[in-house]
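In what follows, a single structure is set out as structure tokens and then discussed.
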Amino acid sequence: MSKTAKSEKVKITSRGKYAIVVMVELAKQEGDKPTPLFDIAQNSDISLSYLEQLISGLRRHNLVKSYRGPGGGYLLNKPANDIAISEILIAAEDISPARRNKSKGKKESSLESFNLWEHIEGFLYTKLKALSLTDVIKNRL
């Protein structure tokens with residue numbers, strides 16, 4: 001079995017789930033008016049501090065763009081139809097080097113289970129790469 005490249009794997013975590021919620025919220029906004037984080041936090045029932053962490057990964061992956069000052073906030077950086085759910089999940093897991101170092105010490109209990117999870121993550125990536133943010137909004141699952 002060949003190993004799947006890091007960019008061709010996704011994990012379903014609470015960070016990823018919340019990142020999808022945020023992206024759906026942004027995609028549902030009409031017009032070109034940026035949405036403030038406070039509004040997203042209230043509409044999504046996500047704490048503002050956690051939302052700031054999530055949005056930074058989405059911004060680093062060019063999924064959202066930010067606007068500062070009065071009337072500032074966030075917009076999708078490209079059309080919702082061009083944003084794959086796999087992209088959102090990968091961006092959500094883009095964590096700071098300090099957090100990444102803490103998780104490096106964990107070991108898998110066996111090579112077999114490690115290979116199984118590698119396979120599942122690759123399968124998820126393939127399926128979720130074909131699913132766009134628009135598909136989620138329009139319930140075309």
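Just so it is clear, the model here is predicted, and its values are computed rather than measured.
No side-chain heavy atom of Val64 sits less than 4.5 Å from a side-chain heavy atom of Asn77. A heavy-atom distance below 4.5 Å is found between the side chains of Tyr18 and Leu54. Counting heavy atoms from C-beta outward, Val136 and Val24 have side chains that approach closer than 4.5 Å. Counting heavy atoms from C-beta on, the side chains of Ser86 and Tyr125 come closer than 4.5 Å. Side-chain contact check for Ile40 versus Ile46: every heavy-atom pair is 4.5 Å or farther apart.
Taking both residues in full, the closest heavy atoms of Ala80 and Ala27 are given as CB-CB, 4.1 Å, listed atom of the first, atom of the second, then distance.
In the hydrophobic cluster analysis, where Ile, Leu, Val, Met, Phe, Trp and Tyr join through side-chain heavy atoms closer than 4.5 angstrom, Leu124 is grouped together with Leu133. Hydrophobic clustering (side-chain heavy atoms under 4.5 Å, transitive across Ile, Leu, Val, Met, Phe, Trp, Tyr) keeps Leu58 apart from Phe38. Clustering ILVMFWY residues whenever any of their side-chain heavy atoms sit less than 4.5 angstrom apart, transitively, puts Val21 in the very cluster that holds Ile12. A continuous path of Ile, Leu, Val, Met, Phe, Trp and Tyr side chains, each step under 4.5 Å between heavy atoms, connects Ile120 with Leu89, placing both in one hydrophobic cluster. There is no path of hydrophobic side-chain contacts, each under 4.5 Å, that joins Phe123 to Leu116.
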Would Glu93 and Thr13 count as a side-chain hydrogen bond (donor to acceptor under 3.5 Å, both in side chains) if you check the C-alpha gap in whole Å, the side-chain angles of each, and the deciding distance to 0.1 Å?
CA-CA 8 Å; Glu93 292 305 315; Thr13 64; 2.4 Å; yes
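A donor-acceptor contact shorter than 3.5 Å is absent between the side chain of Asp135 and the backbone of Leu141.
In this structure, Leu76 CG and Met23 CE are separated by 5.0 Å, a value rounded to the nearest 0.5 Å. Here Ile20 contributes atom CD1 and Ile85 contributes atom CD1; the two are 5.0 Å apart, rounded to the nearest 0.5 Å. Expressed to the nearest 0.5 Å, how far CG of Leu26 lies from OG of Ser44 amounts to 8.5 Å. Distance check: Leu51 CG to Asp45 CG gives 11.5 Å after rounding to the nearest 0.5 Å. Atom CG of residue Leu48 and atom CD of residue Gln53 lie 11.0 Å apart, to the nearest 0.5 angstrom. With rounding to the nearest 0.5 angstrom, the CG atom of Asn62 is 10.5 Å from the CD1 atom of Ile83.
A salt bridge links Lys78 with Glu87; the closest basic N to acidic carboxylate O contact falls under 4.0 Å.
The neighbour count for Lys17 NZ, taken as heavy atoms of other residues, nucleotides or ligands under 6.0 Å away, does not exceed 12.
Arg15 and Tyr50 are not linked by any side-chain donor-acceptor pair at a separation below 3.5 angstrom, with hydrogens and angles left out of the test.
Residues passing the side chain to side chain contact (heavy atoms under 4.5 Å, CB included) test with Lys138, sequence neighbours excluded: Thr134, Arg140.
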